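Worksheet: one structure, shown below.
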Amino acid sequence: MPLGSRPGRGESTRRALAAEVERLAAELRGPIGTIDDALAALTAGEGLPAGLEPEVLFAGGMPRIRPVLVVLASRTMQGAAETDPQAATDVAYATELLHTALRLHDLALGRQHGRRRRAARRVLGGAAHWLGAHHVMLRALEIARRAPTPEVLGDAIEALREVSEGQALGESLRRRVATGHDAVHLAEGHTGAVFAFACRAGGRLGGAPRPVVTGLGRYGRHVGVGVHVAEDLALLERNDDPYLLAGRPALYPVAIAGERSPEVNVLWRKLQASPDARLAAALRDAVREAGGLQAGRELLVTQSWSARKAISTLDDTPARAQLDRLASALGRAA
């Protein structure tokens, strides 16, 4: 059976996690409904640069995982007071802006005259100076300043620092072969940094002490890395547009397979230089034969376990149990 003829483990993991998120969102429909209203304004373009096409940024729907993480993290303390809905909305909104800035940067990556970069210019309405997503990042900081606890702004700045370091690493990986360590570090500075901010800021809103906030941040980082690797696997497991596959600066399964087989690195460099369906198919086969897909699944399980361990000492509350179920879903389908 061809590799792309049925959902692979990466796609199965994403679906399992999405199902769990939607179930939790239904249970949290009060605060999540308020957040959804604010995020709907974001998709309509509120707070974004003039000329931006927001429907392109949110193609395929808007995942609720980041707002769900904010709300659950705010409820992890035993006897915690109900979080101010407006404060939760502001934090979720800032988190989505950070995510949006990452998407803008990702769209702008690629060969100077390649299809990916031309698409980015269309999305940005020709405003090339927005390619660094600085406007969106500044907007996220402005909103974070409105949080009732000043530490949220510090968390947002720290997340931006991590994201900037991750972007610098991604650019450097365009010029050299990535190791497995590089790929994990890239995921930590991408999805991991955004998820960690959502969990830390949520904990701040709930009045959690520093050790709890730290544990929530570790939880978010591990879940974020797991989601990032699941996306890597999904790209490799399905026969999709080779431009999507070549557009990421590094994929963990490819990096691990490249450490074991020089052929993988040769194919990966060729694909990045000239995205082609035949090259993509050859790369997928080489990665699978070198054990890259299996290594990716093993990392998913490890990240799931580490996320659960990070919150194991928190108060035994329904919110902690729900966070644990989310992390379990990440590893269960792997």
Side-chain angles (χ1 to χ4, degrees), residues 7-25 63-70 72-73 76 95 98-99 102-103 106 159 162-163 166 169-170 178-200 202 214-238 248-257 287 291-312 314 320-334:
R9 297 292 180 86
E11 190 63 35
S12 296
T13 298
R14 294 173 66 192
R15 291 180 183 180
L17 187 61
E20 188 67 22
V21 167
E22 287 305 309
R23 187 187 66 75
L24 288 172
R64 289 176 168 179
I65 187 167
R66 289 170 295 274
V68 164
L69 289 176
V70 170
L72 290 180
T76 52
T95 306
L98 288 176
H99 172 71
L102 280 175
R103 276 191 62 88
D106 290 347
E162 291 187 62
V163 166
L169 174 61
T179 64
H181 176 77
D182 288 330
V184 171
H185 189 43
L186 185 69
E188 289 175 339
H190 195 280
T191 318
V194 175
F195 280 33
F197 168 71
C199 292
R200 288 176 63 88
T214 299
L216 288 169
R218 288 201 307 269
Y219 169 90
R221 189 174 311 281
H222 288 302
V223 171
V225 171
V227 168
H228 194 98
V229 173
E231 292 173 352
D232 286 352
L233 285 168
L235 282 172
L236 285 162
E237 290 167 341
R238 64 175 183 252
R248 289 172 89 101
L251 291 87
Y252 180 77
V254 174
I256 290 296
V287 169
L293 297 181
Q294 181 60 34
R297 295 165 192 149
E298 290 171 358
L299 182 61
L300 273 179
V301 173
T302 299
Q303 294 298 318
S304 171
W305 181 85
S306 296
R308 299 180 68 188
K309 183 179 179 182
I311 58 172
S312 62
L314 272 56
R320 195 204 77 175
Q322 289 164 333
L323 287 172
D324 187 76
R325 285 205 301 271
L326 274 177
S328 297
L330 185 64
R332 203 163 45 237

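Note that this is a predicted model, so its numbers are computed, not measured.
- Partners of T191 under the side chain to side chain donor-acceptor pair (under 3.5 Å) rule, at least two apart in sequence or in another chain, are H228.
- For the atom pair CZ (R200) and OH (Y219), the distance works out to 15.5 Å, reported to the nearest 0.5 Å.
- Nearest approach of G180 to A255, heavy atoms of both residues: N-CB, 3.8 Å.
- Minimum heavy-atom separation, G331 to V301: O-CG2, 4.0 Å.
- Among residues two or more places apart in sequence or in another chain, the side chain to side chain donor-acceptor pair (under 3.5 Å) test is passed with H222 by Q303.
- With sequence neighbours left out, R221 forms a side chain to side chain donor-acceptor pair (under 3.5 Å) with E162.
- The CD1 atom of I65 sits 12.0 Å away from atom OG1 of T95, with the distance rounded to the nearest 0.5 Å.
- One N or O on the side chain of R320 and one on the backbone of S312 form a donor-acceptor pair closer than 3.5 Å.
- No side-chain heavy atom of L326 sits under 4.5 Å from any side-chain heavy atom of V223.
- Atom-to-atom distance recorded for Q294:CD and L233:CG is 10.0 Å, nearest 0.5 angstrom.
- Between P253 and G296 the shortest heavy-atom distance is CG-CA, 4.5 Å.
- Note that CG of D232 and CG of L293 are 10.5 Å apart. Values are rounded to the nearest 0.5 Å.
- Every salt bridge (Lys or Arg N to Asp or Glu O under 4.0 Å) that R308 has, sequence neighbours left out, goes to D324.
- When the salt bridge (Lys or Arg N to Asp or Glu O under 4.0 Å) test is applied to E188, no partner is found at least two apart in sequence or on another chain.
- Between atom CD1 of residue I256 and atom CG of residue L251 there is a gap of 12.0 Å, rounded to the nearest 0.5 Å.
- Every residue two or more places apart in sequence or in another chain that forms a side chain to side chain donor-acceptor pair (under 3.5 Å) with T179 is listed here: D182.
- The shortest non-hydrogen separation linking L216 to C199 is O-CB, 3.2 Å.
- Between the CG atom in L323 and the CD1 atom in I311 there is a gap of 5.0 Å [rounded to 0.5 Å].
- Using a distance-only test at 3.5 Å, with no hydrogens or angles considered, no donor-acceptor pair links the side chain of Y252 to the main chain of A187.
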